[in-house]
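What follows is a set of notes on a single structure, which appears directly below.
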Amino acid sequence: EVQLVESGGGLVQPGGSLRLSCTTSGFTFGSKDMGWVRQAPDKGPEWVSAGTSDGHTTYYAKSVKGRFTISRDSAKNTLYLQMNSLKPDDTAVYYCATVRYWLQEVGSKRPVEYDYRGQGTQVTVSS
């Protein structure tokens with residue numbers, strides 16, 4: 001059974017930092033591209049970041065580029081998202097997911113379909 005369990009969310013002030021973790025099981029972690037998706041209240045899902053299975057190539061949405069960093073530890077079967085300089089607009093439930101399909105764009109690409117997703121962790125940025 002595939003399982004993805006997010007943790008590390010919470011309440012943080014604007015300008016603060018959080019590190020999200022996603023522990024996984026039930027599949028070969030080292031063979032799956034993975035990413036993070038978030039959903040704010042009354043909004044649709046928004047992809048945040050994703051990376052290739054070997055961890056060598058990463059992609060970011062414009063809204064988080066330069067502030068967030070995705071990484072993975074294959075020995076621990078865990079995906080991370082380091083979030084710095086957080087803004088109120090970053091408030092959302094954050095989900096980790098395995099990437100099924102990518103969309104190639106000029107100079108970059110982004111995930112457009114996912115196989116599995118976790119239950120999510122709430123991130124609230126507020127003073």
Side-chain angles (χ1 to χ4, degrees):
E1 178 187 6
V2 173
Q3 289 192 323
L4 296 89
V5 180
E6 301 93 339
S7 61
L11 174 64
V12 63
Q13 293 187 341
S17 298
L18 282 174
R19 188 175 83 152
L20 306 184
S21 299
C22 172
T23 57
T24 72
S25 62
F27 65 99
T28 304
F29 181 78
S31 68
K32 291 295 290 185
D33 299 342
M34 295 196 66
W36 292 92
V37 178
R38 67 185 181 186
Q39 187 160 12
D42 300 322
K43 292 187 178 179
E46 175 192 19
W47 90 280
V48 174
S49 178
T52 54
S53 58
D54 59 10
H56 291 169
T57 307
T58 57
Y59 303 91
Y60 298 92
K62 288 182 181 178
S63 58
V64 305
K65 195 169 186 178
R67 300 187 298 123
F68 291 11
T69 303
I70 189 172
S71 63
R72 57 196 295 156
D73 185 336
S74 292
K76 297 182 178 180
N77 292 342
T78 300
L79 183 74
Y80 300 102
L81 185 68
Q82 177 67 44
M83 306 186 295
N84 298 329
S85 303
L86 283 161
K87 306 174 182 180
D89 283 349
D90 295 318
T91 295
V93 178
Y94 284 71
Y95 303 90
C96 69
T98 58
V99 177
R100 177 180 289 180
Y101 295 125
W102 294 85
L103 174 66
Q104 186 68 49
E105 299 179 319
V106 176
S108 186
K109 64 180 183 180
R110 59 181 174 89
V112 292
E113 190 170 325
Y114 304 90
D115 300 299
Y116 301 98
R117 193 185 75 173
Q119 294 298 308
T121 185
Q122 175 71 47
V123 171
T124 302
V125 185
S126 174
S127 55

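- Side-chain contact check for Glu6 and Thr23: no donor-acceptor pair (N or O, by modelled atom type) lies under 3.5 Å.
- A donor-acceptor distance shorter than 3.5 angstrom exists from the side chain of Thr121 to the backbone of Gly9, with no hydrogens or angles considered.
- Looking at Ser63, its side chain never comes within 3.5 Å of a backbone N or O of Ala61 through a donor-acceptor pair.
- Inter-residue side-chain proximity for Thr69 and Leu81 is flagged as unmet; no heavy-atom pair is nearer than 4.5 Å.
- Although no hydrogens or angles enter the test, the distance criterion places a donor-acceptor pair under 3.5 Å between the side chain of Ser31 and the main chain of Thr28.
- Residues Val125 and Met83 fall within the same hydrophobic cluster, defined by Ile, Leu, Val, Met, Phe, Trp and Tyr side chains chained together at heavy-atom separations under 4.5 Å.
- Between Ser126 and Pro14, the closest heavy-atom pair is C-CD, 3.6 Å.
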* **Chi angles and distances behind the side chain to side chain contact (heavy atoms under 4.5 Å, CB included) call for Tyr60, Ile70** => CA-CA 9 Å; Tyr60 298 92; Ile70 189 172; 3.5 Å; yes
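- Sparse packing is recorded around OH of Tyr116, with 12 or fewer heavy atoms of other residues, nucleotides or ligands lying under 6.0 Å away.
- Relative to the ring axis of Tyr95, Arg38 does not place its NZ or CZ within 45° and under 6.0 Å from the centre.
- The backbone N or O of Gly30 sits nowhere less than 3.5 Å from a side-chain atom of Ser74 that would complete a donor-acceptor pair.
- Using a distance-only test at 3.5 Å, with no hydrogens or angles considered, no donor-acceptor pair links the side chain of Thr24 to the main chain of Leu4.
- Leu18 and Gly8 get closest at one heavy-atom pair: CD2-O, 3.8 Å.
- Using a 4.5 Å heavy-atom threshold, the side chains of Phe68 and Ser49 count as separate.
- Taking 4.0 Å as the cut-off between side-chain N and carboxylate O, Asp33 and Arg100 do not count as a salt-bridged pair.
- Between the OG1 atom in Thr91 and the NZ atom in Lys43 there is a gap of 10.0 Å [rounded to 0.5 Å].
- Separating the CG atom in Leu11 from the OG atom in Ser127 is a distance of 9.5 Å, to the nearest 0.5 Å.
- In this structure the side chain of Gln104 never reaches within 4.5 angstrom of the side chain of Arg110, judged on heavy atoms.
- Hydrophobic cluster membership differs between Val5 and Leu20, with clusters built from Ile, Leu, Val, Met, Phe, Trp and Tyr side chains linked at under 4.5 angstrom.
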* To do: Could you walk me through whether Val99 and Tyr114 pass the side chain to side chain contact (heavy atoms under 4.5 Å, CB included) test, one step at a time?
  => CA-CA 4 Å; Val99 177; Tyr114 304 90; 4.1 Å; yes
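- Interatomic distance, OG of Ser21 versus CD of Gln82, reported as 9.5 Å (0.5 Å rounding).
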* To do: Might you work through the side chain to side chain contact (heavy atoms under 4.5 Å, CB included) test for Tyr59 and Lys109, ending with a clear yes or no?
  => CA-CA 7 Å; Tyr59 303 91; Lys109 64 180 183 180; 3.3 Å; yes
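- Pairing each heavy atom of Val112 with each of Trp102, the nearest pair is CG2-C, 4.2 Å.
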* Go through Trp36 and Tyr80 one step at a time and tell me if the side chain to side chain contact (heavy atoms under 4.5 Å, CB included) criterion holds. => CA-CA 9 Å; Trp36 292 92; Tyr80 300 102; 5.6 Å; no
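- A pairwise comparison of heavy atoms in Ala92 and Gln122 identifies O-NE2, 3.5 Å as the closest pair.
- Atom CD of Gln119 has 12 or fewer neighbouring heavy atoms from other residues, nucleotides or ligands inside a 6.0 Å radius.
- Side-chain heavy atoms closer than 4.5 Å link hydrophobic residues (I, L, V, M, F, W, Y) into clusters, and following such links, possibly through other members, connects Val123 to Leu79.
- Taking every heavy atom of both residues into account, Ser17 and Asn84 meet most closely at OG-OD1, 3.0 Å.
- The structure places CE of Met34 at 6.5 Å from CZ of Arg72, a figure rounded to the nearest 0.5 Å.
- Scanning all heavy atoms of the two residues, the minimum distance from Lys32 to Asp115 falls at NZ-OD2, 2.6 Å.
- Expressed to the nearest 0.5 Å, how far CZ of Phe29 lies from CG of Asp73 amounts to 7.5 Å.
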